[in-house]
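Structure first, then comments.
Lettering of chains follows the sequences in order, A, B, ..., and the numbering in each one begins at 1. Worth knowing before you read on, the calculation uses all heavy atoms, side chains too, and leaves out hydrogens, waters and symmetry mates.
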Amino acid sequence: MLLQKWVLKDLKSSLLNCKNTLSISKIHAVLITSGISNNGALAAQLIASYARTGDVNIAQKLFDDLPKRGIDSWNALLIAYSRGNSPPEVINLYRKMSLAGIRPDSSSFTVAIKACTSLLDLKSGREIWKHAVECGYGSDIFVGSSVLNLFVKCGEMDEAMSVFDGMSRRDVVSWSTVIAGLVRSGRAGEAMDEYRRMQREGLEGDGVVMLALIQACADVEDLKMACSVHGCIVRRGFPVDVMVQTSLLDMYAKNGKVEIASCIFRTMSCRNVVSWSALISGYARNGHAGVALELLVEMQSCGFEPDSVSLVSALLACSHVGFSRLGREIHGFVVRRYELDRVVGTALIDMYAKCGSLSHAQALFERMSSRDVVLWNTIIASYGIHGQGKKALLIFHRMIKARARPDHVTFASLLSAMSHSGLVEEGQYWFDAMIKDYKIQPMEKHYVSLIDLLARGGRVEEARRLIEDVECELGIAAWVALLSGCINHKKFLIGEMAAKKVLELKPDCPGIYTLVSNFFAAARKWDEVAMVRRVMKTAGMKKVPGYSVAEVDGRLHAFLVEDKSHPLYEEILKILEDMEHRMRALGYVSKTEFVLQNVKEEVKVRMLRNHSERLAIAFGILKTRPGTRLLITKNLRVCGDCHEAIKFMSIVAEREIVVRDAKRFHHFKNGSCSCSDYW
DNA sequence: GTAGGGTTAG
């Protein structure tokens, strides 16, 4: 008997050390020959050992052969299925166990809930959690952590928080689960609060917590906070591995500090696909499309195959500069190499629409097998930027029919589409419906869209009243929208008020100063034009140089304003002069008020002729066959004179000309444009 | 508990 006890102890520890099936089966054989294989504790140990090596079938067979099954053997089998990556079997087994009258313990609950988490099976998870509470495991740290993780992964943050608050003891893991969960559900501010609470409770964060905090800073775009988190990591000497470095660079990029991001990247000793794509995404989102695409090439020459995430960022870069050839190539590459998931599909649809190919965008949208709200929003916005408000509305109706729930972005896109298509009444109707039927509280952007809708439709007075009536404080954007309407409809009185208000609010972007200046020029108030220029100068605001890009034969050709460096400049200029001659015969008159410098009239005419979009168009005419549609992408807004001039160009050059500016598409054909107003 | 990706404005 004593001998057997010793043997048992010995065998148990040997089992614990077994690394492969062969050595386990040797011990198994010893057990059978010594006639002690039916010992409960030992059998459970045996099942657990097989589980460790992933031999679920042997574990199950052993379990089936047992005459008596205690909690240990049930748990061992649960773990076997959990290790074998069969979550549905785990849940099944858990149910069988309950039916067999076995009272699950901390470990059974933990494993079962983990299985629900991997299946995102919230219903079963809740049921098991309820059972755990009834059995007195409601404040168990292991069960608590796993159910916390379940709710976090399923996006049920409020439920997660209530579990967390009920836990008797919280460790770094449970804190980091909560903090990371809050970040992931877009509640970065609360995540920071929880971190402070954790510190107050005397717990130090670790690398994982720091990672979550970096992400939080990336989300809220709070550079000060970002720097302090970075400082904290350095000061406290947290280990800085690839992941931390990647999230740091991502954080700086998302805060607009792409140079710092690049600096971190260049000093990294170890890089991977994730860090490359974080950098590419950083450049793409900050408007440096060229650098982003160069990095994509550099990444490949360093031996890293781009995955779908890096390609999505590359697609974003293509959208920005209208590089449809590369966009199409990426499409082909993704289809050949990976499956086209919803995110890639959305990025592609957005790329096609922004590169002027609404029909490709539409076709791809119809082919997508599943559609979420972002995908619906993308196609609605695509119709919107192409000035097809009615079609955007049709898609919206389809979306409702498909039982997708519109969100605040849906309505922002829809209202903007209505606005650009002059659908004023429809826009007002859907603004009200958003609040009443869809219970979405309007945010500033929705009010701005509504103001834009009214002002663009000529109902400037109503738009002004709306700004005053809205209970929440509206920022500069609302006044800019009003001002644009005033320019389009020559409402100088309200316009002057709006212009002053805009200047008062100190715009931080040079484009808005240009708008104000354009307004005063339209009102022929030249002193004010000069004043705006002075204000701009004292604010240290430099006008962003305009550039346009034309894609000819699959290559991008960029033109800066007054770009005399182009090898074909002489020929381009000749085409422009010839065209202008014929345009004048048809009634074109230069709107020199759009030149904001105080120079002679003929200089103004020459300056307008040298606007980048015109250089790009002339280049396109020079390099493509007659009748080919031209697509030009411009970084700023098209000016009022170019808007008028390109209408005439479409006649004299007999071309369809599509200009995508910083905001929308202008389709010029036979002397008219798809949009009546230029701004 | 562990980094990177898609939609929205003037």
Query raised in the report: Could you give all pairs that pass the salt bridge (Lys or Arg N to Asp or Glu O under 4.0 Å) test and reach residues 173-188 of chain A, with sequence neighbours left out?
Result: A:Asp158-A:Arg187, A:Arg187-A:Glu190
**Report entry** With sequence neighbours excluded, residues passing ring pair (Phe, Tyr, Trp, His ring centres under 6.0 Å) with A:Tyr383
**Finding:** none
Requested in this report: May I have the distance from A:Asp661 (atom CG) to B:dG10 (atom C1'), rounded to whole angstrom?
Outcome: 11 Å
Report task. For each nucleotide in nucleotides 1-8 of chain B, reading 5' to 3', give B when a protein heavy atom comes within less than 4.0 Å of its base, S when such contact involves only the sugar-phosphate, and - otherwise. Result -> BBBBBBBB
Query raised in the report: How close or far is atom C1' of B:dG10 from atom OH of A:Tyr513, stated in whole angstroms?
Result: 15 Å
Query - Atom-to-atom span, CZ of A:Phe411 to P of B:dA9 - whole angstrom - result: 15 Å
Report summary line: In short, salt bridge (Lys or Arg N to Asp or Glu O under 4.0 Å) pairs touching residues 349-358 of chain A with sequence neighbours left out are A:Asp350-A:Lys354
Report summary line: With sequence neighbours left out, the residues meeting ring pair (Phe, Tyr, Trp, His ring centres under 6.0 Å) with A:His408 are none
Query raised in the report: A:Ile467 CD1 to B:dA9 C1': how many Å, rounded?
Result: 14 Å
**Report entry** Set of residues satisfying side chain to side chain contact (heavy atoms under 4.5 Å, CB included) with respect to A:Val544, sequence neighbours excluded
**Finding:** A:Pro510, A:Asn635, A:Leu636
Query - Member of A:Leu211, A:Val209, A:Ile233 meeting the side chain to side chain contact (heavy atoms under 4.5 Å, CB included) criterion with A:Phe238 - result: A:Ile233
